[in-house]
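Report on the structure given below.
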Amino acid sequence: QVQLGESGGGSVQAGGSLRLSCAASGRTNNVACMGWVRQAPGKEREGVATIDPRDDTTYYADSVKGRFTISEDNVKNTLYLQMSSLKPEDTGMYYCAAKAVYSCSSGDMSAAQFNYWGQGTQVTVSS
């Protein structure tokens, strides 16, 4: 099992920045792909960014490319999401997620691929 815990959410005006963190514990050596998934009110969860912890390959949803950066610190077992130029449509609950065995894929940003989830942290962007 892998345990995930997010922090760093909050409220910010449009154009501002936030950095989310996710502390991972447990059997993290089995993790093949980690990512951030968000859910806006009344909408389904959508993948935002993924990273392969073995070679740091990253993938992004088109909606956040050039504005968000996913990274990790393997020593601290911590995943990050640096969000810049935030827009009101970025508002939602942001979840840290992970999966074992299968690596991240550029063609798969779905939330359904992940086995492990954090409790989520709220991001609110006002116009």
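If you're wondering where the values come from, they're calculated on a predicted model, not measured in any experiment.
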Hey, could you give me the [atom1]/[atom2] distance between [X] and [Y], rounded to the nearest 0.5 Å?
{"X": "Tyr59", "Y": "Asp52", "atom1": "OH", "atom2": "CG", "value": "7.5 Å"}
{"X": "Ser21", "Y": "Glu72", "atom1": "OG", "atom2": "CD", "value": "13.0 Å"}
{"X": "Ser25", "Y": "Arg27", "atom1": "OG", "atom2": "CZ", "value": "13.0 Å"}
{"X": "Glu44", "Y": "Ser110", "atom1": "CD", "atom2": "OG", "value": "11.0 Å"}

Do you know the tightest heavy-atom contact between [X] and [Y]?
{"X": "Thr91", "Y": "Pro88", "answer": "OG1-O, 2.9 Å"}
{"X": "Gln3", "Y": "Gln1", "answer": "NE2-CB, 3.6 Å"}
{"X": "Gln122", "Y": "Met93", "answer": "N-SD, 3.6 Å"}
{"X": "Gly120", "Y": "Tyr95", "answer": "CA-CD2, 3.6 Å"}
{"X": "Ala111", "Y": "Arg45", "answer": "CB-CB, 3.9 Å"}

With a cutoff of under 4.5 Å between side-chain heavy atoms, which Ile, Leu, Val, Met, Phe, Trp and Tyr residues group with Tyr60?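 Val2, Leu4, Val12, Leu18, Leu20, Val31, Met34, Trp36, Val48, Ile51, Val64, Phe68, Ile70, Leu79, Leu81, Met83, Leu86, Tyr94, Tyr116, Val123, Val125, listed by chain and number.
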
Does atom CD of Gln119 have more than 12 heavy-atom neighbours from other groups under 6.0 Å away?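 For Gln119, atom CD is crowded (more than 12 foreign heavy atoms under 6.0 Å).
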
Not counting sequence neighbours, which residues clear salt bridge (Lys or Arg N to Asp or Glu O under 4.0 Å) with Asp55? List them please.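 Per chain and number, Asp55 pairs via salt bridge (Lys or Arg N to Asp or Glu O under 4.0 Å) with no residue.
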
Would you please test Arg38 and Ser63 for side-chain contact (heavy atoms from CB on, under 4.5 Å) and show each step? CA-CA 12 Å; Arg38 68 186 180 189; Ser63 58; 3.5 Å; yes

Dump the intermediate steps for side-chain contact (heavy atoms from CB on, under 4.5 Å) on Ser84 and Ser17, then the final yes or no. CA-CA 4 Å; Ser84 303; Ser17 300; 3.6 Å; yes

Under 4.0 Å between a side-chain nitrogen and a carboxylate oxygen: does that hold for Asp62 and Lys65?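 Salt bridge present between Asp62 and Lys65.
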
Steps toward side-chain contact (heavy atoms from CB on, under 4.5 Å) verdict (Cys33, Phe114): CA-CA 8 Å; Cys33 176; Phe114 295 108; 4.1 Å; yes

Going by heavy atoms in the side chains, are Val37 and Met109 under 4.5 Å from each other?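 No; the side chains remain at least 4.5 Å from each other.
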
Where the side chain of Glu6 meets the backbone of Cys96, is there a donor-acceptor pair that is under 3.5 Å apart?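 It does hold such a pair.
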
Donor-acceptor under 3.5 Å (Arg67 side chain, Ser85 main chain):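 Here the side-chain-to-backbone pair exists.
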
